[in-house]
Amino acid sequence: MKNIYLIGGTMGVGKTTTCQVLKKKLPNCAFLDGDWCWDMDPFQVNEETKAMVMENIIFMLNSFIRCSVYENIVFCWVMHEQEIMDRILARLELKDCQVFLFSLVASPKALKIRLQKDIDQGLRTEDVLRRSMDRLPLYEKLDTVKIDVSNISPEETARQIIMNRIIRKE
């Protein structure tokens, strides 16, 4: 039985850092960050690139699922709409898999502090503040386990993910 973890959250909430920790805590674990499938210059969002990115994600996740070496597969991405998760799950080969869905959320104040730190270090552009804040309330509507990361470390977040696994009902 394989464990598939889909971990969503708005930009700057700590998905990638948490998943890097989670990868080390879970045995035989593969990790895919959806942002890696968007790493292009110039960054362009249109129907063609969105379809390409979704194909890349599905291909990579199914490859990890089919590989006998991995028993835990962790995937993170913004995933601010239920339809995004549902489209991914509908195309995965989930026979003999358990799926766990999480959303990392934070208070607006905590999120702004995190993003401003990244902006100050030149890791993100100023416009990420508005875009991330706009998406934040959307996570409350999702069929996921919510983890408030406002005042906890990525290590504690990973621990909570492991402790709070709830199997998704088909």
Side-chain angles (χ1 to χ4, degrees), residues 1-41 43-45 48-106 111 114 118 123-124 128 132 135 138-139 142-149 152-170:
M1 182 69 64
K2 293 192 180 229
N3 300 305
I4 315 296
Y5 297 82
L6 270 61
I7 300 170
T10 194
M11 295 82 77
V13 81
K15 297 177 302 294
T16 300
T17 305
T18 294
C19 289
Q20 291 289 4
V21 172
L22 194 56
K23 176 179 71 177
K24 297 204 181 306
K25 290 185 176 292
L26 296 170
N28 303 313
C29 187
F31 168 46
L32 175 65
D33 187 323
D35 287 350
W36 299 338
C37 299
W38 277 113
D39 193 359
M40 54 195 82
D41 187 20
F43 179 74
Q44 299 178 55
V45 179
E48 182 181 10
T49 60
K50 287 193 287 189
M52 176 199 63
V53 168
M54 189 62 76
E55 288 297 318
N56 291 344
I57 288 168
I58 300 303
F59 175 82
M60 290 291 298
L61 291 175
N62 276 328
S63 295
F64 287 136
I65 289 169
R66 286 190 298 268
C67 184
S68 65
V69 172
Y70 302 110
E71 64 185 85
N72 291 288
I73 297 137
V74 175
F75 172 67
C76 72
W77 202 22
V78 171
M79 295 187 288
H80 60 292
E81 298 170 344
Q82 189 68 44
E83 179 189 2
I84 295 168
M85 284 184 288
D86 292 346
R87 281 189 7 231
I88 292 169
L89 290 169
R91 296 185 53 202
L92 293 182
E93 300 164 15
L94 295 175
K95 186 179 185 295
D96 299 321
C97 293
Q98 297 180 101
V99 175
F100 305 101
L101 305 175
F102 292 91
S103 293
L104 306 186
V105 297
L111 183 60
R114 289 174 186 224
D118 286 355
L123 302 173
R124 296 180 191 266
V128 75
S132 189
R135 285 196 174 111
L138 301 176
Y139 291 92
L142 303 181
D143 184 19
T144 59
V145 175
K146 314 305 183 284
I147 298 177
D148 187 336
V149 300
I152 61 174
S153 68
E155 291 77 14
E156 175 61 21
T157 306
R159 190 186 72 72
Q160 285 194 29
I161 288 170
I162 292 168
M163 300 299 293
N164 291 297
R165 296 185 306 179
I166 297 174
I167 298 173
R168 180 180 185 270
K169 305 291 186 231
E170 293 300 321

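The first residue of the sequence shown is numbered 1, and numbering continues consecutively from there.
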From L104 atom CG to L111 atom CG, the distance as rounded to the nearest 0.5 Å: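 Reported value, rounded in 0.5 Å steps: 11.5 Å.
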Closest heavy-atom pair and its distance - [X], [Y]:
| X | Y | value |
| --- | --- | --- |
| L142 | E81 | CD2-C, 3.6 Å |
| I152 | R114 | O-NH2, 3.8 Å |
| C37 | I57 | SG-CG1, 3.8 Å |
| K15 | W77 | CD-O, 3.4 Å |

Over 12 non-hydrogen atoms of neighbours within 6.0 angstrom of NZ in K24: no
Heavy atoms from other residues, nucleotides or ligands near CE of M40 exceed 12 (cutoff 6.0 Å):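 Yes, CE of M40 has more than 12 neighbouring heavy atoms, counting only those of other groups under 6.0 Å.
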For F64, all residues meeting ring pair (Phe, Tyr, Trp, His ring centres under 6.0 Å), sequence neighbours excluded: Y70
Qualifying residues under side chain to side chain donor-acceptor pair (under 3.5 Å), relative to D35, sequence neighbours excluded: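 Checked D35 against side chain to side chain donor-acceptor pair (under 3.5 Å); zero matches.
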side-chain contact (heavy atoms from CB on, under 4.5 Å) evaluation trace for L92 with I65: CA-CA 8 Å; L92 293 182; I65 289 169; 4.3 Å; yes
Pairs involving residues 4-27, ordered by first then second residue, that meet ring-ring contact (aromatic ring centres under 6.0 Å, His included) (sequence neighbours left out): Y5-F100
salt_bridge(E155, R159) N-O dist < 4.0 Å: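 Answer for the salt bridge query: no.
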